[in-house]
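Notes follow the structure.
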There are 2 protein chains.
Amino acid sequence: MPKVGMEPIRRQQLINATMAAIDEVGLAEATVMRISRHAGVSAGIISHYFGGKDGLLEATMRQILTDLTKAVAVRRDALEDDSARAHIGAIIEGNFDRTQVTGPAAKTWLAFWASSMHKPMLQRLQNVNDRRLYSNLCHQFRRVMPRTEARNAARGLAAMIDGLWLRGALTTEGLNAEEARFLAHTYLDQLLAHYGCQQPASNTYS
Amino acid sequence: MPKVGMEPIRRQQLINATMAAIDEVGLAEATVMRISRHAGVSAGIISHYFGGKDGLLEATMRQILTDLTKAVAVRRDALEDDSARAHIGAIIEGNFDRTQVTGPAAKTWLAFWASSMHKPMLQRLQNVNDRRLYSNLCHQFRRVMPRTEARNAARGLAAMIDGLWLRGALTTEGLNAEEARFLAHTYLDQLLAHYGCQQPASNTYS
DNA sequence: ATTTTTTTATTGAACGTTCAATCAATAAAA
DNA sequence: TTTTATTGATTGAACGTTCAATAAAAAAAT
């Protein structure tokens with residue numbers, strides 16, 4: 001089997017296997033053997049490509065966060081409307097993107113979040129992403145309301161988004177993305193209603 | 001030291017020590033030795049009183065959840081006003097109670113939440129508490145709005161509360177309870193504004 | 001084209017560490 | 001003297017890491 005140029009392939013395999021393992025048995029029991037078996041390779045390969053288990057976990061978290069950032073960026077770049085509502089809507093949509101919300105990614109995200117409380121490297125990654133989300137939201141809200149109100153709106157919506165993720169990760173059926181998006185958009189409409197008073201985008205949800 | 005009637009004392013000591021240890025180093029590194037050292041007893045005592053480490057963790061989670069329930073109950077029973085807004089406000093206040101929000105309890109809560117994804121016993125406990133919160137919220141909202149809207153309001157507010165907890169557990173400074181309560185109350189006011197149209201209780205926050 | 005050499009990728013058994021659980025020994029109170 | 005509470009060294013299992021051995025591909029030589 002050994003060919004040249006295996007590195008990127010193996011790295012991706014192992015990252016995917018890590019998410020699958022965490023989805024299956026949780027971070028605590030996601031051992032190197034279980035992960036490597038999932039990827040169809042031996043345990044030693046993890047240290048070879050990632051320097052150790054910690055390196056693999058860090059790379060996995062990095063991927064989840066960059067995927068999330070990309071999902072938002074794609075929707076932002078595709079916007080025709082330049083309104084604050086449209087921008088914030090794109091952030092909401094990106095955060096409830098299919099690839100993010102689906103099983104393995106969501107459970108892994110929560111596991112890392114909890115883990116990052118006591119692992120400085122993971123905490124740093126979490127912080128960077130967190131600040132970007134807040135900063136983006138705040139910037140958009142500031143276009144239609146005063147600073148203090150914008151700050152509170154941004155914090156409220158960020159909490160709402162994370163709360164929906166959190167609850168979605170726990171339910172056995174996984175997150176109902178459609179419902180989550182509806183709730184977040186409705187909240188956004190309420191926040192904007194106090195200032196912009198533009199008519200909310202139509203929300204079709206039953 | 002050995003006296004009679006040590007059991008309830010030791011149990012409480014160990015539960016507190018568990019939260020302290022998780023607050024310090026996280027669930028993954030909260031070993032029986034670290035916990036017992038925190039409580040000033042030997043490692044063997046954990047198996048003696050809780051049947052093993054898992055028993056201690058389960059008891060700790062139970063305590064956190066019952067404390068939360070009590071914090072809500074106290075405020076509900078102290079209500080003079082019987083309005084839906086007052087009831088829901090009591091739920092919010094209870095969820096951001098001092099003892100719940102302060103360091104150890106908050107970090108432990110999040111650690112257990114993540115852990116409960118793959119431990120049936122913890123998941124069961126989480127589910128019971130979760131359903132009660134949702135059920136209470138839903139019941140109160142139904143007093144002032146139709147069923148579908150009440151359901152969504154309950155889910156939204158539950159997500160908001162959990163999201164604020166989640167973000168509070170991660171920040172090094174701990175949760176800013178005052179700000180969290182303000183955001184939750186403001187959201188509640190917005191939800192009610194669409195139906196009851198009673199004037200919101202005055203929120204003083206700068 | 002075929003064989004030999006070199007490089008790259010991978011394995012898996014062995015090692016040292018860490019942990020939870022156990023239980024015989026102990027010590028204080030009843 | 002009996003009962004209750006506690007200890008801590010020991011045990012066995014599980015884990016991540018390491019590394020000599022191996023196997024396949026690529027490159028070089030014939």
Side-chain angles (χ1 to χ4, degrees), chain A residues 1-22 24-61 108 111-112 114-115 118-122, chain B residues 1-22 24-61 108 111-112 114-115 118-122:
Chain A
M1 295 191 184
K3 292 185 207 166
V4 298
M6 280 286 102
E7 182 160 342
I9 297 171
R10 290 277 178 256
R11 288 182 72 97
Q12 195 58 55
Q13 279 181 335
L14 286 167
I15 287 174
N16 292 343
T18 302
M19 290 196 248
I22 292 176
E24 267 184 27
V25 296
L27 181 56
E29 294 184 39
T31 65
V32 292
M33 247 189 237
R34 191 184 286 269
I35 293 171
S36 56
R37 185 146 33 92
H38 234 288
V41 294
S42 83
I45 218 79
I46 288 175
S47 291
H48 184 248
Y49 282 125
F50 293 95
K53 191 190 182 184
D54 284 345
L56 174 56
L57 294 180
E58 185 191 322
T60 305
M61 184 170 184
T108 305
F112 278 138
S115 179
H118 299 96
K119 298 203 175 176
M121 174 56 75
L122 299 187
Chain B
M1 295 194 185
K3 294 184 205 167
V4 298
M6 280 287 102
E7 182 159 341
I9 296 172
R10 291 276 178 256
R11 287 181 72 97
Q12 195 56 56
Q13 278 181 335
L14 286 166
I15 287 174
N16 292 342
T18 301
M19 290 197 250
I22 291 175
E24 267 184 26
V25 297
L27 181 56
E29 294 184 38
T31 65
V32 292
M33 244 185 236
R34 191 184 286 269
I35 293 171
S36 56
R37 185 145 36 91
H38 236 287
V41 295
S42 84
I45 218 80
I46 288 176
S47 290
H48 183 248
Y49 281 125
F50 292 95
K53 192 189 181 185
D54 284 345
L56 173 56
L57 294 179
E58 184 191 322
T60 305
M61 185 171 185
T108 306
F112 279 137
S115 179
H118 300 96
K119 298 202 174 177
M121 174 57 75
L122 299 187

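Worth saying up front: this structure is predicted, and the values here are computed from it rather than measured. Proteins get letters first, then strands, A, B, ... in listed order; numbering begins at 1 in each.
- If you check every strand for non-hydrogen atoms under 4.0 Å, B/Ser47 touches a base.
- In this structure, the CZ atom of B/Arg34 is 19 Å from the C1' atom of D/dG8, given to the nearest Å.
- The CG atom of A/Leu57 sits 14 Å away from the P atom of D/dC15 (whole-angstrom rounding).
- Residues A/Leu27 and A/Ser115 approach most closely at CD2-CB, 3.9 Å, considering heavy atoms.
- The two residues B/Ile46 and B/Val32 make their nearest non-hydrogen contact at CD1-O, 3.7 Å.
- A/Tyr49 has a side-chain polar atom (N or O) that falls below the 4.0 Å cut-off from OP1 or OP2 of C/dT10.
- Between A/Leu56 atom CG and D/dT17 atom C1' there is a gap of 14 Å when expressed in whole angstrom units.
- In this entry D/dT4 has C/dA27 as its Watson-Crick or G-U wobble partner, both defining distances falling under 3.5 Å.
- For the side chain to side chain donor-acceptor pair (under 3.5 Å) criterion with B/Arg10, the lone passing option out of B/Gln12, B/Gln13, B/Glu7 is B/Gln13.
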Apply the test side-chain contact (heavy atoms from CB on, under 4.5 Å) to residues A/Asp54 and A/Lys119: give CA-CA distance (whole Å), side-chain angles for both, the deciding distance (0.1 Å), then the verdict. CA-CA 10 Å; A/Asp54 284 345; A/Lys119 298 203 175 176; 4.2 Å; yes

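- With distances taken from any side-chain atom of B/Val32 to the nucleotides C/dT10, D/dA5, C/dA20, the minimum falls on C/dA20.
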Going through the checks in order, is the side-chain contact (heavy atoms from CB on, under 4.5 Å) test met by A/Leu57 and A/Phe50? CA-CA 9 Å; A/Leu57 294 180; A/Phe50 293 95; over 6 Å; no

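- Atom C1' of nucleotide D/dT6 and atom CG of B/Leu14 are separated by 12 Å, given to the nearest angstrom.
- With rounding to whole Å, B/Ile46 atom CD1 is found 13 Å from D/dT7 atom C1'.
- In this structure, NZ of A/Lys53 is placed 15 Å from P of D/dT18, rounded to the nearest angstrom.
- Among the heavy atoms of the strands, none lies under 4.0 Å from B/Phe50.
- Atom pair B/Gln13:CD and D/dA5:P shows a separation of 14 Å (rounding to whole Å applied).
- Of all the heavy atoms in A/Ala21 and A/Arg34, the pair that sits closest is CB-CD, 4.5 Å.
- Here the P atom of nucleotide D/dC15 and the CD1 atom of A/Ile35 are 11 Å apart, to the nearest Å.
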Test log, rule side-chain contact (heavy atoms from CB on, under 4.5 Å), inputs A/Ile35 and A/His38: CA-CA 5 Å; A/Ile35 293 171; A/His38 234 288; 5.6 Å; no

Atom pairs, protein N/O to nucleotides 11-14 of chain C N/O, distance under 3.5 Å:
| unit_1 | atom_1 | unit_2 | atom_2 | d |
| --- | --- | --- | --- | --- |
| C/dT11 | OP2 | A/Ser42 | N | 2.7 |
| C/dT11 | OP2 | A/Ser42 | OG | 3.1 |

